Protein chains: 2
Amino acid sequence: MSPRVLDEQSLLAREQMIIEAALNIIEREGVENFTMDKVVASVPFSKGTVYKHFNGKEDVILAINNQSLVILCDFFARAAKYEGSPRERMLLVNFSYLMYSLLHPVLFTVELCARSPSVLERCAQTRIDTFEAKQTTLLLIIGGIIQEAVDKQHFKMPETMGVEQVCFSNWSMAYGIISLLSQQDEKCDVRAGLKVERELFNNNNFLLDGMQWLPLSGDRDYKKEVVKALETIFPEELAKLAQAGLRLDL
Amino acid sequence: MSPRVLDEQSLLAREQMIIEAALNIIEREGVENFTMDKVVASVPFSKGTVYKHFNGKEDVILAINNQSLVILCDFFARAAKYEGSPRERMLLVNFSYLMYSLLHPVLFTVELCARSPSVLERCAQTRIDTFEAKQTTLLLIIGGIIQEAVDKQHFKMPETMGVEQVCFSNWSMAYGIISLLSQQDEKCDVRAGLKVERELFNNNNFLLDGMQWLPLSGDRDYKKEVVKALETIFPEELAKLAQAGLRLDL
DNA sequence: ACCTGAACACCGTTCAAGT
DNA sequence: ACCTGAACACCGTTCAAGT
């Protein structure tokens, strides 16, 4: 009898089951209470099999994050293809990141954990490679908008910078704001009076104005434009947020 | 015989010993390998005593972070009192955060961990309060610079914003850049071509230019000023970095 | 009043034994 | 070739017993 070799198909299916089981646990109990034992218990395979797919618990967390990035990527793409000036779409991409963090708070929390050094250091290199690749995809969407702005002469690239650097400017700005303000549950001094959507809007305008990316915020009512555009791009998502009592207040 | 009651003095001394032992372990083995067992083994008290001081492992991590913030606070203060325009000092405060992350990479890593939701959720409320308080102190230093810029009419506060919001703009910008670029060890696509000091410098100028905070970057050679100021404020620290092969390349 | 460390439940990971 | 789950080492946390 020839040795049966598992086809890639079913291997992937199994991996997918594990990832989904893990996400379920995290959604019910929080990342901080996530364990491999619980995963194994809620999946029809043994520990050994689970460990054949994943280096360990941290590796599972990164795997979840890698999947989440597909959702985020879709958000980015929808924002990027909106018809509007490049600058407006840049703003919209950042707001799509915010939408993502609000609609999928657990996934966003997983992302924050996945990025923390103590987790990343325990992951399989191939999974880190996938993570990097997905991240690059996201940055390329931003890069495309920047390139278009340059082509349309809305924006003149500073001599000392490349496209990747302008990408990173935008991304790190949004990441800083959203990650620092996303742990909203506590009643804490520091974040009092800060509204994530407003800070994101303001900072984005400052940053792009500082880059001289036209049209400047003084010449356009970006607030109105963003509100309108979001309703076009994310109608169902906004409804879902409103249902949860969350309303963007620009 | 009257029951001996431990004075606060020795309680604090003991807590300090535990914190230092923990930091030692983290410095040797990394946050990801930090355990309470190891702490107890390297300290002359029993498990029970350690747990009398700390809610658990995460609580110890936050305690370390709270202490580290004193060092960071000193860095901020030194940058803030440099003689120079408010805008220059704002830039310097952000660079002092960068200096801190380079000089104390382990402490900065601990900060990233401490901020991650899975850790924060397990800490004692009083320790979280201390964390918030220290954070507020940091933001107040930034706030003082902003206030001074307003007083000197270098900067007109946007009508829709308060001082805390401008503080947060600056802080989140620096935090986003430094935290995303600080896990430098891996050879990863995304961060290729990005230099943390340069991105921080550029983004800060964009942000402040966008805010119309005078003097604008076109009217001043901030690069030269920052280099000179850092040599004045952090001479020993820069030497230590250079010794480690790290040189700020603006 | 305070401290100790044994004890327990749980977790991560491995690998010899099975099919 | 692949899977299983017992086994092990370690970890976090508690608390009855000691001083």
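It should be emphasised that the depicted structure is a prediction, and the values quoted were computed from it without experimental measurement. Lettering of chains follows the sequences in order, A, B, ..., and the numbering in each one begins at 1.
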Whenever both distances are under 3.5 Å in a Watson-Crick or G-U wobble pair, mark it; put DNA chain D into dot-bracket that way, with [ ] for crossing pairs and | when the partner is on another strand.
||.|||||...|||||.||
Please check this pair: side chain of Arg14(B) against backbone of His53(B), looking for a donor-acceptor N/O pair closer than 3.5 Å.
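Pair absent, no side-chain N/O of Arg14(B) close to backbone of His53(B).
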Pair Lys195(A) + Asp249(A): basic N to acidic O under 4.0 Å:
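Yes, Lys195(A) and Asp249(A) are salt-bridged.
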I'd like to know if Glu15(B) and Arg127(B) make a salt bridge, using a cut-off of under 4.0 Å between side-chain N and carboxylate O.
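Salt bridge flag = yes for Arg127(B) with Glu15(B).
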Check whether any side-chain N or O of Thr49(A) sits under 4.0 Å from OP1 or OP2 of dC2(D), and answer yes or no.
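No.
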Exercise: do Asp129(A) and Gln125(A) side chains pair donor with acceptor under 3.5 Å:
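Yes, because at least one side-chain N or O of Asp129(A) sits under 3.5 Å from a partner of the opposite role on Gln125(A).
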Tell me which pairs pass side chain to side chain donor-acceptor pair (under 3.5 Å) where either residue lies in residues 61-73 of chain A, with sequence neighbours left out.
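Checked against side chain to side chain donor-acceptor pair (under 3.5 Å) - neighbours excluded - the pairs reaching residues 61-73 of chain A are Gln16(A)-Gln67(A).
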Walk me through whether Glu199(A) and Asn203(A) qualify under side-chain contact (heavy atoms from CB on, under 4.5 Å).
CA-CA 6 Å; Glu199(A) 313 314 324; Asn203(A) 256 21; 5.8 Å; no
Could you run down nucleotides 6-19 of chain C 5' to 3' and tag each one B, S or - for protein heavy-atom contact under 4.0 Å?
-----BBBBB----
Distance to the ring centre below 6.0 angstrom and angle to the axis at most 45 degrees; does that hold for Arg198(B) and Phe201(B)?
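No, a cation-pi geometry is absent between Arg198(B) and Phe201(B).
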Check the orientation of Phe168(B) and Trp171(B). Use parallel for under 30°, tilted for 30 to 60°, and perpendicular for over 60°.
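Perpendicular: the ring planes of Phe168(B) and Trp171(B) meet at over 60°.
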